[in-house]
Amino acid sequence: MSRPEEEFILTLSCRDTKGIVHNVSGLLYQAGCNIIDSQQFGDVQGEGATGLFFMRVHFEAPPHLADVATLENLFAHVREQFGMEARIRAAAQRPRVLLMVSQHGHCLNDLLFRWKSGQLPVDIPAIVSNHTTFQSLVESYGIPFLHLPLVGGSDAETKRAQEKQIEALIASERIDLVVLARYMQILSREFCEQLRGRAINIHHSFLPSFKGAKPYYQAHARGVKLIGATAHYVTPELDEGPIIEQDVARVDHSLSAEDLTAVGRDVECVVLARAVRWHVERRVLINGHKTVVFR
Ligand SMILES: Nc1nc2c(c(=O)[nH]1)N[C@@H](CN(C=O)c1ccc(C(=O)N[C@@H](CCC(=O)O)C(=O)O)cc1)CN2
């Protein structure tokens, strides 16, 4: 039985070819590592295939190898041989997560409870909002609350000034992941580029349906029989980022737009929590404009 500090997660992607699994598993075996779980996927079939191969390996390393730098050196020649993008992280490492919220607090409340109860193995150095609505909730958990309003409106200059404050916080707190828990401001292209692959948004519709603002009202007007929620990585193109997780709930003609909103809240919470957990467990790999999720 290994100790937590000796378990690691290797994730990789590269052009698909023969021998990748053989070389990766053989290297780990030769080094005295034990594979606990291994999953892989080659996106090689059908129209739109990227031709990329993805792998996630959860393994335990012997004490003399049990640090990331040593394992990265060990793995270097295989990485170069296949031209891999590869990352090795200690399984026990707790990612540092910045939560952001505006005026709808159900996802924030859900994530805070999951964090407090140990379901979400992350550290939350701070929470940012452009409103003060949830300051007391956040501070009840002993987490610093930063109120960063958009002073003077949502024009581009005002937004960038506010975003630069968030960027400084991300740097100073060594943030690994930003979660937009119903943060209702469109992030600038510059900010999105900085956060590529490490900012998750919860959109309150089953994308690609009903992008943008007020999706439940759009859905009600369309007479849908299912509503949904989508967690996706944030990109400059609104609600177009790689989808991580989705779910739905049944509705019918008797429900108002407000009823749909109420039913949707629980779906949003579950979908966002799954996406954040899978991301921090390094189960999500980006495959072009899509994802591969090793659940
Ligand atoms: N660059 C991106 N920014 C954001 C994304 C994204 O995918 N790319 N997701 C949104 C979340 N969102 C829907 O899920 C959303 C948020 C905000 C708006 C919007 O129109 N905001 C207005 C201001 C509204 C207000 O002040 O209440 C604006 O920013 O001008 C639409 C959709 C988060 N950001």
Side-chain angles (χ1 to χ4, degrees), residues 9 11-13 50 52 68 72 84-89 93-102 107-108 111 120 122-131 138 143-203 207 211-213 230-245 272 275-293:
I9 307 290
T11 53
L12 66 89
S13 64
T50 59
L52 295 176
V68 170
E72 285 178 336
M84 291 175 176
E85 286 193 23
R87 295 191 71 182
I88 299 173
R89 286 291 180 272
Q93 181 197 14
R94 290 168 65 92
R96 295 171 64 82
V97 179
L98 175 66
L99 302 180
M100 296 176 63
V101 67
S102 290
C107 291
L108 172 70
L111 288 173
L120 211 50
V122 302
D123 292 330
I124 304 176
I127 291 174
V128 164
S129 180
N130 54 327
H131 296 275
V138 168
I143 297 173
F145 179 88
L146 274 75
H147 177 216
L148 298 178
L150 287 135
V151 180
S154 291
D155 63 278
E157 188 176 338
T158 302
K159 277 200 177 191
R160 275 308 287 149
Q162 185 244 23
E163 288 178 349
K164 286 185 184 299
Q165 293 177 277
I166 304 169
E167 289 165 12
L169 177 70
I170 288 169
S172 64
E173 290 297 339
R174 297 174 288 108
I175 298 298
D176 299 301
L177 173 67
V178 174
V179 178
L180 306 185
R182 293 300 300 278
Y183 181 72
M184 302 308 283
Q185 290 298 319
I186 299 173
L187 306 188
S188 68
R189 177 171 295 276
E190 296 91 333
F191 199 15
C192 288
E193 291 301 332
Q194 287 183 42
L195 295 175
R196 182 187 296 271
R198 59 189 186 108
I200 295 174
N201 176 64
I202 183 68
H203 181 72
L207 289 173
K211 296 174 185 172
T230 303
H232 62 91
Y233 287 111
V234 175
T235 60
E237 297 71 35
L238 189 61
D239 304 328
E240 295 271 356
I243 292 172
I244 304 167
E245 174 60 341
L272 182 57
V276 172
R277 182 160 54 80
W278 292 342
H279 178 96
V280 302
E281 290 177 353
R282 297 168 183 84
R283 296 181 179 278
V284 187
L285 291 83
I286 293 178
N287 181 21
H289 65 274
K290 300 185 287 185
T291 64
V292 173
V293 183

Has the side chain of [X] got a donor or acceptor atom that lies under 3.5 Å from a matching backbone atom of [Y]?
X	Y	result
Arg94	Val122	yes
Asp123	Arg96	no
Gln165	Leu148	no

Mind checking whether [X] and [Y] have side chains closer than 4.5 Å, heavy atoms only?
X	Y	result
Ile244	Thr230	no
Val276	Leu120	yes
His232	Glu245	no
Val234	Leu195	no
His279	Leu177	yes

Which atom pairs, one a donor and one an acceptor, fall under 3.5 Å between side chains of residues 284-291 and the rest of the protein, sequence neighbours left out?
| unit_1 | atom_1 | unit_2 | atom_2 | d |
| --- | --- | --- | --- | --- |
| Asn287 | OD1 | Thr50 | OG1 | 2.8 |
| Asn287 | ND2 | Asp43 | OD2 | 2.9 |
| Thr291 | OG1 | Ile243 | O | 2.6 |

Could you pull out all residues at least two apart from [X] that satisfy side-chain contact (heavy atoms from CB on, under 4.5 Å)?
X	answer
Arg87	Thr11, Arg89
Lys164	Arg160, Glu167
Leu150	Asn130, Thr158, Lys159, Gln162, Gln185
Arg182	His104, His106, Cys107, Met184, Ile202, His204, Glu268

With His203 via ring-ring contact (aromatic ring centres under 6.0 Å, His included) - residues at least two apart: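 Testing His203 for ring-ring contact (aromatic ring centres under 6.0 Å, His included), a comparison that skips the adjacent residues, returns none.
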
Contacts of Tyr183 that satisfy ring-ring contact (aromatic ring centres under 6.0 Å, His included) - sequence neighbours left out: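 Applying ring-ring contact (aromatic ring centres under 6.0 Å, His included) to Tyr183 gives none.
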
Verdict with supporting geometry, Asp176 and Leu98, side-chain contact (heavy atoms from CB on, under 4.5 Å): CA-CA 8 Å; Asp176 299 301; Leu98 175 66; over 6 Å; no

So, using side chain to side chain donor-acceptor pair (under 3.5 Å) as the criterion, who are the partners of [X] when residues are at least two apart?
X	value
Ser129	none
Glu193	Arg196
Arg282	Gln93
Arg277	none

Step-by-step side-chain contact (heavy atoms from CB on, under 4.5 Å) determination, Ile124 to Leu99: CA-CA 8 Å; Ile124 304 176; Leu99 302 180; 4.0 Å; yes

Pairs involving residues 145-154, ordered by first then second residue, that meet salt bridge (Lys or Arg N to Asp or Glu O under 4.0 Å) (sequence neighbours left out):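 Matches after skipping sequence neighbours: none remain.
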
Heavy-atom closest contact (Ala126 atom, Leu169 atom, distance):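 Of all heavy-atom pairs spanning Ala126 and Leu169, the closest is CB-CD2, 4.2 Å.
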
Smallest separation among heavy atoms of Pro242 and Thr235, with atom names: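 Looking at all heavy atoms of both residues, the closest pair is CD-CG2, 4.0 Å.
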
side-chain contact (heavy atoms from CB on, under 4.5 Å) between Ile166 and Met100, intermediate numbers included: CA-CA 10 Å; Ile166 304 169; Met100 296 176 63; 3.6 Å; yes

Sole residue of Val97, Leu108, Leu146, Val179 in side chain to side chain contact (heavy atoms under 4.5 Å, CB included) with Ile127: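 Output: one option passes, namely Leu108.
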
Derivation and outcome, side-chain contact (heavy atoms from CB on, under 4.5 Å), residues Ile200 and Val178: CA-CA 6 Å; Ile200 295 174; Val178 174; over 6 Å; no

Inter-residue atom distance Leu180.CG - Leu187.CG, 0.5 Å rounding: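 With rounding to 0.5 Å, CG (Leu180) is 5.5 Å from CG (Leu187).
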
Side-chain H-bond candidate by donor/acceptor type, Ser13 with Glu85, under 3.5 Å: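 No - no donor-acceptor pair under 3.5 Å links their side chains.
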
